[in-house]
Amino acid sequence: MASLRLSAITICLLLTISAKAQVGADRNQRIFIDADYSTTDISRNTTKFRGLRITQGATRIEAEQAETTAGTDFADSTWQFSG
């Protein structure tokens with residue numbers, strides 16, 4: 001019974017390490033933004049999107065609407081997603 005528990009813990013740890021490695025690999029990949037529509041308000045420094053899809057490696061975000069500050073500079077921006 002103890003060896004079965006140890007095996008389950010080992011498998012969980014390996015899966016966690018594998019998932020973290022994938023996320024780390026995605027960070028080095030290019031970010032692609034695709035939207036049905038976007039507008040920029042230069043005076044407020046905001047961009048609004050409709051039908052937004054952001055992809056970086058295996059990571060994907062989809063939203064009916066999104067708004068960001070600082071354009072698409074992901075290093076220093078705030079995003080709000082809805083839908």
Side-chain angles (χ1 to χ4, degrees):
M1 188 68 139
S3 65
L4 181 60
R5 189 177 320 170
L6 183 59
S7 295
I9 291 171
T10 303
I11 290 171
C12 288
L13 287 173
L14 289 173
L15 290 173
T16 302
I17 292 168
S18 176
K20 286 185 178 184
Q22 179 64 40
V23 169
D26 283 351
R27 283 191 184 140
N28 297 326
Q29 295 189 22
R30 294 182 64 184
I31 298 172
F32 295 95
I33 299 175
D34 183 35
D36 297 336
Y37 180 79
S38 67
T39 59
T40 300
D41 184 339
I42 295 172
S43 65
R44 291 182 48 224
N45 195 29
T46 60
T47 303
K48 294 182 180 183
F49 298 91
R50 291 196 183 271
L52 176 68
R53 294 162 298 280
I54 301 173
T55 307
Q56 183 179 29
T59 304
R60 183 176 172 98
I61 297 173
E62 292 186 21
E64 289 176 16
Q65 297 180 39
E67 184 173 331
T68 181
T69 60
T72 56
D73 179 10
F74 288 93
D76 189 26
S77 63
T78 302
W79 287 75
Q80 280 189 298
F81 301 97
S82 63

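All values reported here derive from a predicted model rather than from experimental measurement.
Using a 4.5 Å heavy-atom threshold, the side chains of I31 and I54 count as touching. Using a 4.5 Å heavy-atom cutoff, the side chains of R53 and D36 are in contact. No side-chain heavy atom of D41 sits less than 4.5 Å from a side-chain heavy atom of T39.
S82 and A63 make their closest contact through O-CB, 3.7 Å (heavy atoms, listed as atom of the first residue, atom of the second, distance). In plain terms, the two heavy atoms of T47 and T40 that are nearest each other are OG1-OG1, 3.4 Å.
Ionic pairing of R50 and E67 is not present here: no N-O contact between side-chain nitrogen and carboxylate oxygen is shorter than 4.0 angstrom. For D34 and R60, the salt-bridge test fails: no basic side-chain N is under 4.0 Å from an acidic carboxylate O.
Under the 4.5 Å side-chain heavy-atom criterion for Ile, Leu, Val, Met, Phe, Trp and Tyr, F32 and F49 are members of distinct hydrophobic clusters. Following chains of ILVMFWY side-chain contacts shorter than 4.5 Å, one can reach I61 starting from L52, so the two form part of one hydrophobic cluster.
Although no hydrogens or angles enter the test, the distance criterion places no donor-acceptor pair under 3.5 Å between the side chain of S38 and the main chain of K48. Using modelled atom types, no side-chain atom of T68 and backbone atom of W79 make a donor-acceptor pair closer than 3.5 Å.
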